[in-house]
Amino acid sequence: MHKKRVLFASALGVSFLNTVLAPAYGADTPTSQSQSQSQSQSQSPADQPQPQPHAPSPQPVAGKAGQAAATPAQTRAQAQAAHAQAQTGQQPASYFAGGTPPDPTQYLPPPPKPGSLRHQTDDTAFATTRGWKNDARWALAASDARLHLPDLLNSFSCAAGFTIDASKTPRLVALLRKMGSTEVPDMWKGKDYWHRARPFVGTDNAICTEEEREEIAKTGSYPSGHTMLGWSLALVLTEILPDRSTAILQRGRVFGESRIVCGVHWESDVQSGYLVGAGEVAAMHGNPAFRADLDAARAELQALRNTAPKPDAKQCEIEHDAAVHSPL
């Protein structure tokens with residue numbers, strides 16, 4: 001079962017997405033402030049201890065007409081309070097520190113209006129995929145919801161052609177953590193700006209992560225953060241393993257589509273998530289530190305592929321079938 005993890009509070013808000021991002025991209029939270037200070041001095045970001053559970057996120061209430069009720073200012077205020085309580089470690093600095101990050105509120109189209117043709121497409125995808133409950137694609141969507149970094153990297157093992165073990169790739173882990181610190185605030189800027197309600201809100205339709213239903217109902221749907229992170233990872237892995245580019249990009253698409261199958265995002269949320277991920281990675285390439293970190297991760301992963309075991313064949317079949325049967 002997918003477990004909530006420690007809060008990662010950004011300047012733009014605290015949410016369930018940030019909760020699950022913490023082990024991968026945010027600051028790990030030891031059990032006490034003194035432990036955090038000691039560990040931060042002696043350990044790299046990739047070596048930090050596993051986080052402890054924390055209290056639930058703030059609770060904005062979903063509104064009507066596709067809007068969530070809490071304002072961005074309220075969300076940020078709640079985030080700052082939670083941040084003061086929860087964050088005792090240091091999160092990696094953004095690759096955009098001191099620069100100008102891409103603004104999704106300016107380059108993304110707005111989410112579809114209720115009653116529009118685009119929204120009808122969203123409705124159709126949501127309704128169709130409710131019938132996929134309990135099949136292998138549904139289980140894959142639930143698995144793809146886990147953003148703990150070892151899970152996220154392993155989800156691309158079939159595409160890579162070998163098992164990507166986070167414990168053996170500290171440079172890749174460090175790169176992805178810093179990418180998360182860079183991307184997540186920009187993603188939240190879009191979510192706060194549009195504050196779109198998720199497709200299951202106000203219904204009793206099943207989602208693939210029912211244990212998270214109340215938490216994610218409180219957060220904005222557009223753009224999809226899981227999709228952004230999955231597509232960003234796919235683009236980075238494509239650069240590192242260009243001979244596996246087709247399979248990796250295909251898996252990145254499927255990773256985003258899992259959010260539609262899960263029932264927690266509209267189709268248009270996912271399509272916008274691909275755009276945000278691509279825009280973030282493109283902008284990060286302008287930073288010399290990003291390029292250096294990418295080179296280090298490339299050397300590390302290229303060495304690992306020579307010794308790593310092959311991924312599970314049955315799991316690879318499930319992922320291939322998901323690629324063939326897209327909900328889009």
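In this structure, the side chain of Arg253 engages the main chain of Ala323 through a donor-acceptor pair within 3.5 Å. Formation of a donor-acceptor pair under 3.5 Å by the Ser157 side chain with backbone atoms of Ile164 is found in this model. In this structure, the side chain of Lys191 engages the main chain of Gly220 through a donor-acceptor pair within 3.5 Å. For the pair Trp188 (side chain) and Gly225 (backbone), a donor-acceptor distance under 3.5 Å is absent. The backbone N or O of Ala145 sits nowhere less than 3.5 Å from a side-chain atom of Arg259 that would complete a donor-acceptor pair. Between the Thr238 side chain and the Ala234 main chain, a donor and an acceptor come within less than 3.5 Å of each other.
For the pair Val184/Met187, a side-chain contact is recorded, criterion being any heavy-atom separation below 4.5 Å from C-beta on. You'll find the side chain of Ile260 stays beyond 4.5 Å of the side chain of Phe126, heavy atoms only. Using a 4.5 Å heavy-atom cutoff, the side chains of Ser94 and Pro185 are not in contact. Between Pro170 and Glu300 there is a side-chain heavy-atom pair separated by less than 4.5 Å. The closest side-chain heavy-atom distance from Ile240 to Leu172 is below 4.5 Å. Side-chain contact between His265 and Tyr222 is absent, with no heavy atoms from C-beta onward closer than 4.5 Å. Side-chain contact between Pro102 and Tyr107 is present, with at least one heavy-atom pair separated by less than 4.5 Å. No side-chain heavy atom of Pro101 sits less than 4.5 Å from a side-chain heavy atom of Thr182.
Look at Arg137 and Asp321 and you find no salt bridge, because none of the NZ, NE, NH1 or NH2 atoms lies under 4.0 Å from a carboxylate O. Taking 4.0 Å as the cut-off between side-chain N and carboxylate O, Asp122 and Arg196 count as a salt-bridged pair. No salt bridge links Arg171 with Asp295; every basic N to acidic carboxylate O contact stays at or beyond 4.0 Å. Between Asp123 and Arg118, none of the side-chain N atoms (NZ, or NE/NH1/NH2) sits under 4.0 Å from a carboxylate O, so this pair counts as no salt bridge.
A donor and an acceptor atom, one from each side chain of Ser224 and Asp269, are nowhere located under 3.5 Å apart. Side chains of Ser326 and Glu257: a donor on one and an acceptor on the other come within 3.5 Å. There is a side-chain donor-acceptor pair under 3.5 Å between Arg198 and Thr219. Judged purely by distance below 3.5 Å, without hydrogens or angles, the side chains of Thr121 and Glu267 never pair a donor atom with an acceptor atom. Using a 3.5 Å distance cut-off with no hydrogens or angles, the side chains of Arg146 and Ser155 do not pair a donor with an acceptor.
For His325 against Trp132, the heavy-atom pair with the smallest separation is O-CH2, 3.9 Å. Residues Phe156 and Gly252 come closest through the heavy atom pair CE2-N, 3.7 Å. Shown here for Ala141 and Ser258, the closest heavy-atom pair between the two residues is CB-O, 3.4 Å. When all heavy atoms of Gly273 and Pro223 are compared, the closest pair comes out as N-CB, 4.1 Å.
Around atom NE2 of His320, no more than 12 heavy atoms belonging to other residues, nucleotides or ligands sit under 6.0 Å away. Within 6.0 Å of CD in Gln302 there are more than 12 heavy atoms belonging to other residues, nucleotides or ligands.
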Set out, in order, the CA-CA distance, both residues' side-chain angles and the distance that settles side chain to side chain contact (heavy atoms under 4.5 Å, CB included) for Ser232 and Met228, then state yes or no.
CA-CA 6 Å; Ser232 297; Met228 175 194 73; 4.3 Å; yes
Might you work through the salt bridge (Lys or Arg N to Asp or Glu O under 4.0 Å) test for Arg251 and Asp144, ending with a clear yes or no?
CA-CA 11 Å; Arg251 184 64 177 100; Asp144 284 348; 2.7 Å; yes
CA sep, side-chain torsions, deciding dist, call: Val236, Leu294, side chain to side chain contact (heavy atoms under 4.5 Å, CB included):
CA-CA 8 Å; Val236 164; Leu294 180 60; 3.7 Å; yes
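Residues Leu147 and Val270 share a hydrophobic cluster, clusters being chains of Ile/Leu/Val/Met/Phe/Trp/Tyr side chains in contact below 4.5 Å. Clustering ILVMFWY residues whenever any of their side-chain heavy atoms sit less than 4.5 angstrom apart, transitively, puts Leu176 in the very cluster that holds Leu241. By the criterion of side-chain heavy atoms lying less than 4.5 angstrom apart, applied directly or through intervening Ile, Leu, Val, Met, Phe, Trp or Tyr residues, Trp231 is grouped together with Leu153 in one hydrophobic cluster.
His285 and Phe290 have perpendicular rings, their planes meeting at more than 60° on a 0 to 90° scale where under 30° would count as parallel.
With sequence neighbours left out, the side chain to side chain contact (heavy atoms under 4.5 Å, CB included) criterion links Ala127 to no other residue. With sequence neighbours excluded, the residues that form a side chain to side chain contact (heavy atoms under 4.5 Å, CB included) with Arg213 are Phe200, Thr203, Ile207, Glu210. Remark: Lys168 engages Asp165, Leu304 in a side chain to side chain contact (heavy atoms under 4.5 Å, CB included) (not counting sequence neighbours).
Partner Val276 forms a side chain to side chain contact (heavy atoms under 4.5 Å, CB included) with one of Asp186, Leu108, Val281, Leu229 and no other, that one being Leu108.
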